[in-house]
Amino acid sequence: MAQQTLRPALLERLPSRVVGLLREIGALGDERGCHVYVVGGVVRDLLLGHVTLDLDLAVEGDGIAFARAVADRYRTGLAVFERFATARLVFPDGLKMDIATTRREFYAEPALLPTVQPAAIEEDLYRRDFTINAIAMQLNPGQFGRLLDVYGGQRDLRARRICVLHAGSFQDDPTRIFRAIRFEQRFKFRLEPGTLRLLTQAASTNLIQQLSGPRLQNEILVLFAERDPARAIARLAKLKLLRFLHGRLRYTMDVKRVVLAVPKAFAWWGSRSPDAVIDRPLVYLMALLSESSPAVIAAISKRLACSREQATKLSAGGKRLDRILKKLTAKGTLRPSQVYRLLVDLPDEALVLLVATQVSCQQAAQLSQLKRYLMAYEKNRAIATVLKGRDLQAMGLKPGPQYGAILGKLLDARIDGAVASEAEERAFVQKRIGALGDC
Ligand code: CTP
């Protein structure tokens with residue numbers, strides 16, 4: 001039997017200041033004569049015994065006017081999106097809250113954003129993705145904690161299944177295909193058979209192709225930001241969804257091994273450079289593309305409307321990285337400057353991926369060699385020559401491409417320890433200028 005009211009024990013999992021705030025906002029609802037609810041993920045998570053503080057509020061009435069009243073009272077930051085009848089508030093302590101007018105949505109065309117029209121809470125819940133995300137909890141005094149669960153959300157939470165509310169759900173919004181996988185994997189739920197059928201049907205059309213680059217990118221990266229993206233990637237492959245990134249993308253055993261090795265690579269990297277900021281979801285995407293050619297990677301960057309930074313990082317991976325890895329794990333010893341030259345253009349994400357790729361090969365000796373090189377590289381990364389271009393000019397070198405060549409060789413010599421002081425640098429440069437016969 002569905003609960004009518006959220007159990008106090010569950011509510012108490014929220015920080016007390018948040019519960020206090022929700023009660024006050026409910027009272028504001030009474031003052032302004034409107035019903036106010038929290039909806040979506042927070043309610044779902046509370047019922048599962050988890051706490052999330054991404055608060056989504058729905059107001060039966062003018063949601064934007066209500067959001068302005070809340071913003072005034074609590075002196076929050078406020079961004080209003082008139083077209084979608086939503087507003088985002090950021091409280092002084094950083095708490096974020098979205099407030100929306102309860103609405104029905106019309107999808108003029110599948111895969112595009114909908115137009116909205118005010119409607120009662122029941123209809124607002126009906127337009128949502130899955131039953132487990134379509135439960136509302138009222139905030140008005142006297143009704144505080146009352147659950148509105150019209151579509152069997154609690155039943156499906158108990159049965160641990162993901163279930164759409166109507167047959168057109170994936171058509172309306174194909175991002176829900178990825179969301180279904182996200183919730184299925186996160187909570188270890190199942191897709192209800194009818195929902196799975198609808199999802200497979202939707203995935204067999206070109207609906208996802210119609211999604212804009214930023215929307216598809218967001219879904220992919222949000223999915224890869226989950227705790228265990230390897231499972232989600234395997235699911236994408238099984239449901240034949242990788243083709244929406246690129247027709248030639250395959251989830252081979254080798255790629256799978258690299259994806260599965262990413263957590264170990266992160267653990268090693270984190271233990272060496274705890275402060276490094278790594279784009280974790282992007283590393284998973286790079287792992288998925290570890291056997292892809294530069295052309296395929298470029299096409300995927302374009303499809304996902306990647307930023308220049310993301311695209312540069314992605315392009316450092318793929319088959320190109322394999323060639324670098326081969327050199328780093330070959331027999332024999334590389335000079336520190338050779339290692340530096342191999343790695344210097346790579347973003348940290350690609351360095352993590354190098355480790356993951358080598359972990360996936362299960363060759364212990366090569367893995368330790370790679371780690372040794374990476375540790376040495378970490379130290380050498382910061383080395384710079386004392387002499388700069390202007391010093392070379394003062395030493396009589398005419399402007400030209402030889403500047404870069406000589407400074408490059410000087411840096412190599414510094415890294416290899418062949419020169420260790422400014423005087424030695426000067427002697428090194430002088431010798432090269434002399435050899436050019438340029439003085
Ligand atoms: N929603 C939807 N269809 C979408 C996106 C969102 O119906 N394509 C609804 C769902 O009710 C969802 C709510 O909007 O619960 C909030 O969306 P979002 O914050 O993206 O989802 P959460 O459920 O909070 O997921 P997460 O826990 O990953 O933040």
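Atom set for the values below is all heavy atoms of this structure, side chains included, hydrogens, waters and symmetry mates excluded. Read the numbers this way: they start at 1 and go in the same order the structure lists the ligands and their atoms.
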Between [X] and ligand 1, does any nitrogen or oxygen pair lie at a separation below 3.5 Å?
| X | result |
| --- | --- |
| Arg186 | yes |
| Asp45 | no |
| Glu226 | no |
| Arg127 | no |

Atom indices of ligand 1 within 4.0 angstrom of [X] heavy atoms, with elements:
| X | value |
| --- | --- |
| Gly41 | 15 (O), 23 (O), 24 (O) |
| Thr175 | 8 (N) |
| Phe183 | 23 (O), 25 (O) |

Kindly write out the residues that satisfy ring pair (Phe, Tyr, Trp, His ring centres under 6.0 Å) with Phe189, not counting sequence neighbours, or none if the list is empty.
->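 Once residues adjacent in sequence are excluded, the partners of Phe189 under the ring pair (Phe, Tyr, Trp, His ring centres under 6.0 Å) criterion are Phe187.
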List for me each residue that meets ring pair (Phe, Tyr, Trp, His ring centres under 6.0 Å) alongside Phe91, sequence neighbours excluded, and say none if there are none.
->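 Partners of Phe91 under the ring pair (Phe, Tyr, Trp, His ring centres under 6.0 Å) test: Tyr74.
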Minimum non-hydrogen distance to atom 3 (N) of ligand 1, winning option of Arg176, Arg215, His50, Arg128 | Arg176
May I ask whether Asp173 has any heavy atom positioned less than 4.0 angstrom from an atom of ligand 1?
->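 It does; at least one heavy atom falls under 4.0 Å.
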How about Glu122: does its CD atom have over 12 heavy atoms from other parts shown lying under 6.0 Å from it?
-> yes
